[in-house]
Amino acid sequence: MPMAWMSVKEALAADPGVGLTVKGWVRTRRDSKAGLSFVALSDGSCFDTLQIVAPADLPNYETEVRRLTAGCAIEAEGELVESGGKGQRVEVRARSIRAVGWVDDPDAYPIAAKRHTFEYLRKVAHLRPRTNTFGAVARVRHGLAQAIHRFFHERGFSWIHTPIITASDCEGAGEMFRVSTLDAVNPPRTPEGGADFSQDFFGREAHLTVSGQLNVECYCLALTKVYTFGPTFRAENSNTSRHLAEFWMVEPEIAFADLSDNADLAEAFLKHCFRTLLDERPDDLAFFNQRIDDSVLATLEHMVESPFERVTYTDAVRLLESSGERFEFPVAWGADLQSEHERYLTQTTFKKPVVVTDYPKEIKAFYMRLNDDGRTVAAMDVLAPRIGEIIGGSQREERLEVLDRRIAETGLPRENYWWYRDLRRYGTVPHAGFGLGFERLVQFCTGMANIRDVIPFPRTPGNAEF
RNA sequence: UCCCCGAUAGCUCAAUUGGUAGAGCGAGCGGCUGUUAACCGCUAGGUUGCUGGUUCGAGUCCAGCUCGGGGAGCCA
């Protein structure tokens, strides 16, 4: 009768004396001439490994146990006992160990039991989840995703599955990936010689979404409190540690709400995420704090307690101008804040997240609500120390005549926005929302410097190998 | 896309003014040990990213390309 299968996490928390089976992958094996081998086993259920003690009298000790190397998959059956050594409370005294999957060529196994650079591990993205760091990232990512859904669910929000493919070009934010089933070499042609997208799958040109916002606004003006959480695509040729061509975005949208309500929501939302992570993933956070960024724990703990700073764009410009700091790019009202300006605000002036509001209308999107001054719009960016913009949002323009004027000023074709404009014709209400880059949140919580290391298989210009 | 930097053993790196390519870690074998970043000894492991050029001779100098990193822009 086989013993109950327990995860490493369960085994590490259990009382000595129970019989159990554990399954996972070997991290290290150490042999002792006292007639023992020690196997450190990981199954990803928690940060720590479980030590398995294999006595030399196991029938397959010489033929199998002594040949185990990093990466081998095994099943071990035995008894959980108090550890005879230092470094762990309990360990498994094995009655049997079965090698399930061997490592072909231990010398060439890409994940040797030693330090690797993140650049190298990106080249072996299929095996990097077996490392301490990427296992921890995966668990933190999951923990944050769950925290997000719980936060909204507990507050009466509905998760809206907005489309991945968008056949309207209403979104207008940046370069988009085309979705087409036309023959790429010899597409049907229009009289003018271009590709004839009326013969394409959707009967028109289609792309991958760059934002679910316009769609989710429709549901906001019916269900009041809604959000999206899904993949988003940008075909920008961005080569930075903060950009991906495919990333996940969270976009809440609330009706009968203004910019102040929106900022309150963003702050409560981020604090909930940090609090949950501190409660549920202390093992992984301790690792990031020790090995990746020694300010991560203190920063998260500080952030759940202290209110975010809020400052208007105009005041932020004044603060930067009077700071005495020499910036590479000059600060001027009307120009967008540069990365160095955002860093100065979050890391020098306030030393915490800053909500910057009310930007000049010229540097923001057409759908953001025009303020009474006629020069600024009710936009907000939440800037986080070290990674910059983590949230971008706004109160939406709910007045049809103002929206039309903004569409015209921006030079956009009004007819493309017919259904978006309809929302302003039929029961329009003040509403607001924001977009959060999920990977940037994971970066902030873990201290990971490159966004390519907080998503399982990063897509960037020239890179979609896995 | 722009600026700067880089590519040498499975991994991280070294190699003087251009002159026989090395170390640590990892791996294999042996020794020692309730071990845990183990330790000691031995062994194996290289078309120096690709293409061309200069030279008696190129890891080293030059040009182009590919890939990667840092910064900037675009943004989340």
Side-chain angles (χ1 to χ4, degrees), chain A residues 27-41 48-56 66-67 69-71 81-88 91 93 103-124 127 131-132 173-175 210-213 228 231-251 266 291 328-329 336-340 342-343 363-365 381-384 387-393 434-444 449-453 455 460-463 465:
Chain A
R27 281 290 180 79
T28 61
R29 189 204 80 233
R30 295 176 296 273
D31 303 320
S32 167
K33 264 293 152 24
L36 302 165
S37 285
F38 300 93
V39 175
L41 187 78
D48 291 316
T49 55
L50 176 65
Q51 177 158 283
I52 298 171
V53 183
R66 293 253 295 160
R67 288 174 51 221
T69 56
V81 297
E82 282 181 31
S83 180
K86 291 170 185 156
Q88 57 280 318
E91 62 194 17
R93 178 154 295 267
V103 165
D104 264 358
D105 177 4
D107 187 35
Y109 181 59
I111 311 294
K114 54 157 290 181
R115 292 190 71 130
H116 295 286
T117 61
F118 293 140
E119 292 80 23
Y120 166 72
L121 289 170
R122 275 171 223 150
K123 296 175 192 161
V124 287
L127 297 172
T131 63
N132 279 335
E175 292 296 309
V210 296
S211 166
Q213 180 202 317
T228 73
T232 308
F233 308 87
R234 303 274 167 92
E236 305 285 352
N237 192 7
S238 295
N239 293 289
T240 79
S241 55
R242 308 183 302 282
H243 290 86
L244 292 165
E246 177 183 285
F247 64 99
W248 286 62
M249 190 151 67
V250 181
E251 298 175 288
R291 299 297 289 273
E328 187 186 346
F329 295 91
D336 216 344
L337 298 178
Q338 302 284 324
S339 292
E340 56 174 341
E342 296 179 352
R343 265 198 303 277
I363 59 173
K364 288 294 178 183
D381 285 355
V382 180
L383 310 178
I387 59 172
E389 184 178 346
I390 194 170
I391 281 177
F434 62 80
L436 166 108
F438 183 60
E439 283 74 20
R440 290 186 182 175
L441 179 67
V442 180
Q443 270 189 282
F444 184 78
N450 196 309
I451 200 166
R452 300 169 193 206
D453 299 326
I455 191 168
T460 53
N463 183 356
E465 170 77 12

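Every chain is numbered from 1 and lettered A, B, ... according to where its sequence line falls, protein lines coming before strand lines. Because the structure is a prediction, the values reported are computed rather than measured.
- Of the C1' atoms belonging to B:C4 and B:C75, the separation is 23 Å, rounded to the nearest Å.
- No hydrogens or angles considered: a donor-acceptor pair under 3.5 Å links the side chains of A:Thr28 and A:Arg30.
- For A:Lys123 and B:U12, the NZ to P distance is 7 Å, given to the nearest whole Å.
- At a threshold of 4.0 angstrom between heavy atoms, the contacts of A:Glu340 with the nucleic acid are absent.
- The base of B:C11 does not come close enough to the side chain of A:His116 for any donor and acceptor atom to sit less than 3.5 Å apart.
- Taking atom CZ of A:Phe38 as the reference point, atom C1' of B:U33 lies 9 Å away to the nearest angstrom.
- The residue A:Arg452 sits close only to the backbone: its heavy atoms come under 4.0 Å of sugar-phosphate atoms, none of a base.
- Among the heavy atoms of the strands lying under 4.0 Å from A:Thr69 are primed sugar atoms or P, OP1, OP2 only; no base atom is included.
- A:Arg291 comes within 4.0 angstrom of no nucleic acid atom, judged by non-hydrogen atoms across all strands.
- Atom C1' of nucleotide B:U35 and atom CG of A:Leu41 are separated by 16 Å, given to the nearest angstrom.
- In this structure, CZ on A:Arg93 lies 10.5 Å from CD on A:Gln51, to the nearest 0.5 angstrom.
- If you take CD on A:Gln213 and OG1 on A:Thr232, they are separated by 11.5 Å, rounding to the nearest 0.5 Å.
- Set against B:U35, B:G73, B:A76, the side chain of A:Leu244 has B:A76 as its closest nucleotide.
- Here the side chain of A:Arg30 is nearest to one of B:G73, B:C75, B:A38, namely B:A38.
- When heavy atoms are screened at a 4.0 angstrom cut-off, A:Asn450 is found touching the sugar-phosphate backbone but no base atom.
- Nucleic acid contact for A:Ser37: none, since no nucleic acid atom lies under 4.0 Å from a heavy atom of the residue.
- Taking only distance into account, the side chain of A:Ser238 never meets the base of B:C75 through a donor-acceptor pair shorter than 3.5 Å.
- Residue-level contact check: A:Glu246 touches neither bases nor backbone, having no heavy atom under 4.0 Å from any strand.
- Positionally, the nearest nucleotide of RNA chain B for A:Tyr109 lies more toward the 5' end than for the other of A:Tyr109 and A:Gly85.
- The residue A:Thr28 sits apart from the nucleic acid: no heavy atom pair falls under 4.0 Å.
- Side chain of A:Glu342 to backbone of A:Leu383: no donor-acceptor contact under 3.5 angstrom is found.
- Atom OH of A:Tyr109 sits about 8.5 Å away from atom OG1 of A:Thr69, to the nearest 0.5 Å.
- Atom CD in A:Glu236 sits roughly 10 Å away from atom C1' in B:G73 (whole-Å rounding).
- In the set B:A72, B:G34, B:A76, B:A72 carries the atom at the smallest distance from any side-chain atom of A:Asn239.
- Remark: A:Ser339 OG to A:Glu389 CD distance equals 10.0 Å, nearest 0.5 Å.
- Rounded to whole Å, the P atom of B:U55 lies 16 Å from the corresponding atom of B:C62.
- When the C1' atom is used for both B:G49 and B:U60, the distance is 16 Å, rounded to whole Å.
- The phosphate of B:G73 (OP1 or OP2) has no side-chain N or O of A:Arg234 nearer than 4.0 angstrom.
- Annotation: B:U66 and B:C29 have their C1' atoms spaced 40 Å apart (nearest Å).
- Distance check on atom P: B:C3 versus B:A63 gives 15 Å, rounded to whole Å.
- Taking atom C1' in both B:G10 and B:U51, the straight-line distance is 27 Å, to the nearest Å.
- Distance A:Arg27 CZ to B:A37 C1': 14 Å, rounded to the nearest Å.
- Here the CE-CD1 distance, from A:Met249 to A:Ile391, works out to 11.5 Å after rounding to the nearest 0.5 Å.
- The base of B:C67 lies outside donor-acceptor range of the side chain of A:Arg122, with no N or O pair under 3.5 Å.
- Within the 3.5 Å criterion, the main-chain N or O of A:Val81 finds no donor-acceptor partner in the side chain of A:Glu91.
- Distances shown here put every side-chain N or O of A:Gln338 at or beyond 4.0 Å from the OP1 or OP2 atom of B:A72.
- Within the nucleic acid shown, A:Gly435 comes within 4.0 Å of sugar-phosphate atoms alone, with no base atom in reach, counting heavy atoms only.
- What separates NZ of A:Lys364 from C1' of B:A76 is a distance of 11 Å, to the nearest Å.
- Within 4.0 Å (heavy atoms only), A:Ser241 reaches sugar-phosphate atoms of the nucleic acid but no base atom.
- Within 3.5 Å, no donor on the side chain of A:Glu119 pairs with an acceptor on the base of B:U12, nor the reverse.
- Judged by atom type and distance alone, A:Gln51 reaches the base of B:U35 through a side-chain donor-acceptor pair under 3.5 Å.
- Judged by centroid separation below 5.5 Å and plane tilt below 30°, A:Phe247 stacks onto the base of B:A76.
- Base pairing of B:C42 is made with B:G28, judged by Watson-Crick or G-U wobble geometry with both donor-acceptor distances under 3.5 Å.
- Taking atom C1' on both B:A23 and B:U33, the two are 27 Å apart, rounded to the nearest angstrom.
- Each of A:Trp248 and A:Thr460 lies near RNA chain B, and the nucleotide nearest A:Thr460 is the one positioned closer to the 5' end.
- Distance from the side chain of A:Pro106 is smallest to B:G28 among B:G28, B:U35, B:G68.
- Side chain of A:Ser238 to backbone of A:Thr240: no donor-acceptor contact under 3.5 angstrom is found.
- In this structure, A:Phe438 places its CZ atom 17 Å from P of B:A76, rounding to the nearest Å.
- In this structure, the CZ atom of A:Phe329 is 6 Å from the P atom of B:G73, given to the nearest Å.
- Partner assigned to B:A72 is B:U1, using Watson-Crick or G-U wobble distances below 3.5 angstrom.
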